[in-house]
Amino acid sequence: MGRRRRPPPGARPLHGWVVIDKPRGITSAAVVTRVLKGLRATRAGHGGTLDPLATGVLPIALGEATKTVAYVMNGHKSYNFVLAWGEARSTGDAEGEVTETSDIRPERKHIEAVLGEFTGKVLQVPPAFSAIKVDGQRAYKLARAERDFTLEAREVEIHRIELKDLPDHNHAAFEVSCGKGVYIRSLARDIAVRLGTVGHVHSMRRTRVGPFAEDVAISLDNMEFL
């Protein structure tokens with residue numbers, strides 16, 4: 001849920017959930033701050049971080065509802081993402097620097113043939129640019145400082161992964177349903193490596209977190225604060 005934020009001036013006790021459709025290019029923490037100030041709530045926290053590049057469902061808990069954040073974060077999540085073949089990036093997504101390239105572009109039959117290997121309980125190494133702590137420090141801070149460190153593989157569960165489209169030679173669109181702790185950036189990286197190439201997340205949208213789906217999400221820019 002992140003650090004405790006100071007209530008804005010004139011804050012009032014509000015309790016419950018508001019589901020934001022997070023736009024691209026803003027952090028989850030920044031969304032929480034805008035909702036906190038806009039609603040003049042005394043307390044707020046989010047139900048699962050989305051990377052700045054990602055869009056979609058970001059549930060915001062207000063007041064006493066912050067006590068239920070863990071239940072939402074432990075719920076199933078669904079994502080749509082586009083994997084860009086041929087370039088590995090330092091962050092695992094389009095915002096990072098290119099670290100490796102490949103001319104290999106997998107065909108549909110080869111992609112579909114390996115997806116079963118990424119379904120069920122699997123071991124996944126988180127991306128270096130993540131909030132996981134290493135000796136008390138966030139991994140992304142160590143990565144930015146170009147420090148050497150190792151992240152251990154963790155068991156996560158992916159319920160379903162489906163290839164939805166091959167819009168062009170360089171991209172593949174997927175739909176994923178998964179449990180807590182899955183990094184889509186790691187999933188994209190591992191699929192590409194399994195197919196003998198490299199890749200990164202070009203774009204990503206979260207469509208569900210626990211009971212909250214995108215059809216109830218409110219645009220941050222169009223939200224009318226009370």
Side-chain angles (χ1 to χ4, degrees), residues 1-6 22-34 36 44-61 66 69-70 72-74 77 79 81-102 118 121-158 161 174 176 178-206 209:
M1 185 175 66
R3 62 183 176 84
R4 185 75 171 269
R5 295 166 178 80
R6 180 177 299 176
K22 189 188 91 64
R24 183 176 175 133
I26 186 173
T27 66
S28 297
V31 173
V32 173
T33 297
R34 285 183 59 176
L36 187 68
H46 62 73
T49 301
L50 276 177
D51 296 330
L53 172 141
T55 66
V57 177
L58 183 66
I60 307 293
T66 58
V69 164
V72 172
M73 292 182 68
N74 287 335
K77 300 175 179 66
Y79 298 87
F81 75 95
V82 174
L83 196 164
W85 308 112
E87 289 184 348
R89 299 287 184 105
S90 57
T91 58
D93 60 25
E95 296 187 333
E97 297 179 357
V98 177
T99 59
E100 187 179 353
T101 61
S102 172
F118 298 93
K121 293 184 178 180
V122 298
L123 290 177
Q124 184 183 79
V125 177
F129 283 82
S130 63
I132 293 175
K133 287 189 175 182
V134 179
D135 296 329
Q137 297 188 62
R138 298 293 184 185
Y140 66 83
K141 291 184 177 181
L142 297 175
R144 287 173 182 166
E146 298 184 350
R147 298 269 299 276
D148 290 330
F149 63 96
T150 301
L151 292 175
E152 299 296 331
R154 307 184 305 169
E155 185 178 80
V156 297
E157 187 169 9
I158 298 175
I161 178 169
F174 296 87
V176 177
C178 60
K180 178 182 178 181
V182 172
Y183 281 92
I184 300 300
R185 287 176 290 150
S186 292
L187 178 61
R189 174 201 66 203
D190 294 345
I191 290 173
V193 170
R194 175 63 180 83
L195 290 165
T197 185
V198 293
H200 65 273
V201 171
H202 172 74
S203 61
M204 178 171 66
R205 178 171 179 79
R206 187 161 65 189
V209 179

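Reckoned from all heavy atoms, side chains included, excluding hydrogens, waters and symmetry mates.
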* To do: Could you tell me whether the side chain of Thr66 and the main chain of Ala61 form a donor-acceptor pair under 3.5 Å?
  => no
* What are the two closest heavy atoms between Ala139 and Val134, and how far apart are they? -> CB-CG2, 4.4 Å
* Which pair of heavy atoms, one from Pro126 and one from Ile132, lies closest together, and at what distance? -> CG-CD1, 3.1 Å
* **CA sep, side-chain torsions, deciding dist, call: Leu195, Trp85, side chain to side chain contact (heavy atoms under 4.5 Å, CB included)** => CA-CA 10 Å; Leu195 290 165; Trp85 308 112; 3.7 Å; yes
* Atom CD1 of Ile26 and atom CZ of Arg34: how far apart are they, to the nearest 0.5 Å? -> 5.5 Å
* Do other residues, nucleotides or ligands put more than 12 heavy atoms under 6.0 Å from the CD atom of Glu155? -> yes
* **Audit row: Val122, Val156, side chain to side chain contact (heavy atoms under 4.5 Å, CB included) steps and yes/no** => CA-CA 6 Å; Val122 298; Val156 297; 3.9 Å; yes
* Asked: Which heavy-atom pair separates Val209 from Arg206 by the least distance, and what is that distance?
  -> CG2-NE, 3.1 Å
* Nearest heavy-atom neighbours spanning Ala128 and Ala143 -> O-CB, 4.0 Å
* Less than 4.5 Å apart, any side-chain heavy atom of Ile191 and any of Ile161? -> yes
* Structure fact -> Rounded to the nearest 0.5 Å, the OG1 atom of Thr91 sits from the CG atom of Leu53 at a distance of 8.0 Å
* Considering only heavy atoms from C-beta outward, does the side chain of Lys133 approach that of Arg138 to under 4.5 Å? -> yes
* **Heavy-atom pair of closest approach, residues Leu83 and Gly199** => CD2-CA, 4.1 Å
* Asked: Taking the six-membered ring for Trp, are Phe81 and Phe174 ring centroids under 6.0 Å apart?
  -> yes
* Are any side-chain N or O atoms of Arg24 and backbone N or O atoms of Thr55, one a donor and one an acceptor, separated by less than 3.5 Å? -> no
* **side-chain hydrogen bond (donor to acceptor under 3.5 Å, both in side chains) pairs, two or more places apart, involving residues 178-204** => Asp51-Arg185, Asn74-Lys180, Ser102-Thr197, Glu117-Arg194
* To do: Check for a donor-acceptor pair, side chain of Arg154 on one end and backbone N or O of Gln124 on the other, with a separation under 3.5 Å.
  => no
* Rounded distance [0.5 Å steps], CD in Glu87 versus OG1 in Thr99 -> 9.0 Å
* Distance-minimising heavy-atom pair for Ala188 and Val201 -> CB-CG2, 3.7 Å
* Asked: Distance-only, no hydrogens or angles: does the Lys22 side chain make a donor-acceptor pair with backbone N or O of Arg205 under 3.5 Å?
  -> no
* Asked: Okay, side chain of Arg147, backbone of Leu142: is any donor-acceptor separation there less than 3.5 Å?
  -> no
* Which value, rounded to the nearest 0.5 Å, describes the distance between Leu187 atom CG and Cys178 atom SG? -> 8.5 Å
* To do: Look at the side chain of Ser28 and the backbone N and O of Leu50, then say whether any donor-acceptor pair between them is shorter than 3.5 Å.
  => yes
